[in-house]
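The next block holds one structure in the form of structure tokens; read it before the comments.
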Amino acid sequence: MDSQSRRPTRVPLLTALHKALLISWDRQHYHWTVDDWKHVTWSDESRFQLYRTDARVRQDNATPHASRVATKWLQEHSSDFRHFHWPPNSPEMNIIEDIRDALLHAVEKRSPPPRAPMDLLTALEDSWCEFPPVYLQTPVESIPCRFASLLRARGGPTRY
């Protein structure tokens, strides 16, 4: 018997202020083209756990999540990046969420599964390299639809 479990859909709690910030941010960036978004470096808090050992990558403009290493690197390379404010509670607008889920799924399917921290790192790197380039382009190309959806939802949760 094959059984599957599903995670319940999680919708962020959005206050009136969150919705107003999302709409304002949406309107500021609505005119951006797909090519503009291709020059954005996407980031978010990620946690990859292997038994009791884990590695974290944190940088999503939320002060509690900003790692010192990532913050220092961004400061040293500030001329290479255009940093802009990202609104709070807006996971559906950050395409890295979808890519991270696909990466974790690819690592989970590996046989044998990673058993040591270096095996996990290797599995993550290998899985990343196996993604076809078109897979990474598709989420970027979905951004105009995400913006339109956010405006239709008046800053509320969207299907993304």
Side-chain angles (χ1 to χ4, degrees), residues 1-14 18 21-22 25 29 32 34-147 149-150 157-160:
M1 181 174 175
D2 185 22
S3 65
Q4 293 181 338
S5 65
R6 296 184 187 265
R7 288 186 293 171
T9 302
R10 291 172 51 187
V11 176
L13 176 62
L14 296 171
H18 290 137
L21 289 170
L22 280 165
W25 182 82
H29 298 91
W32 281 27
V34 170
D35 283 337
D36 292 327
W37 288 108
K38 286 181 181 179
H39 296 285
V40 171
T41 300
W42 300 90
S43 66
D44 195 9
E45 174 187 359
S46 297
R47 180 178 184 161
F48 305 102
Q49 190 165 356
L50 179 69
Y51 303 112
R52 293 186 184 173
T53 304
D54 64 16
R56 292 182 187 199
V57 177
R58 293 182 167 200
Q59 185 59 33
D60 63 358
N61 292 341
T63 304
H65 298 165
S67 74
R68 279 175 265 178
V69 173
T71 301
K72 181 180 176 191
W73 188 90
L74 286 170
Q75 288 171 347
E76 291 170 356
H77 295 87
S78 62
S79 63
D80 300 333
F81 295 95
R82 180 171 67 188
H83 190 260
F84 60 89
H85 174 73
W86 197 266
N89 289 356
S90 58
E92 63 272 308
M93 298 305 291
N94 192 344
I95 63 172
I96 202 68
E97 303 272 341
D98 301 328
I99 296 169
R100 183 195 58 227
D101 288 347
L103 179 61
L104 292 177
H105 182 70
V107 169
E108 289 170 355
K109 290 189 332 185
R110 290 197 169 268
S111 182
R115 301 223 181 267
M118 285 308 297
D119 294 340
L120 176 59
L121 180 60
T122 300
L124 287 166
E125 289 173 343
D126 290 348
S127 296
W128 177 259
C129 291
E130 291 168 5
F131 280 154
V134 71
Y135 180 80
L136 300 174
Q137 286 176 267
T138 303
V140 172
E141 292 168 354
S142 76
I143 292 173
C145 293
R146 291 172 188 250
F147 272 83
S149 180
L150 183 63
T158 67
R159 71 177 183 92
Y160 294 97

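Positions are given from 1, in the same order as the sequence printed here.
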Rounding to 0.5 Å, atoms NE2 (H29) and CG (L150) come to a distance of 12.5 Å

Could you report the tightest heavy-atom contact between A102 and Y135, atom names first, then the distance?
CB-OH, 3.0 Å

Are F147 and I143 packed together at the side-chain level, in the sense that at least one heavy-atom pair is separated by less than 4.5 angstrom?
yes

First locate atom CG of L124, then atom CG of L120, and finally report the distance between them rounded to the nearest 0.5 Å.
4.5 Å

Do R159 and S149 have a side chain donor and acceptor closer than 3.5 Å?
no

Within this structure, what is the CG-CD1 distance for the pair L136 and I96, rounded to the nearest 0.5 Å?
8.5 Å

Check whether any side-chain heavy atom of V34 sits under 4.5 Å from a side-chain heavy atom of V140, and report yes or no.
yes

Roughly how far apart are E141 CD and D35 CG, rounded to 0.5 Å?
9.5 Å

Taking all non-hydrogen atoms of both residues into account, name the closest pair between W128 and I99 and its distance.
CZ3-CG2, 3.6 Å

Quick one: are L22 and L14 in side-chain contact, heavy atoms under 4.5 Å?
yes

Starting from the C-alpha separation in whole Å, work towards a yes-or-no answer on side-chain hydrogen bond (donor to acceptor under 3.5 Å, both in side chains) for T158 and R146.
CA-CA 8 Å; T158 67; R146 291 172 188 250; over 6 Å; no

So, do P114 and T122 sit near enough that their side-chain heavy atoms are less than 4.5 Å apart?
no

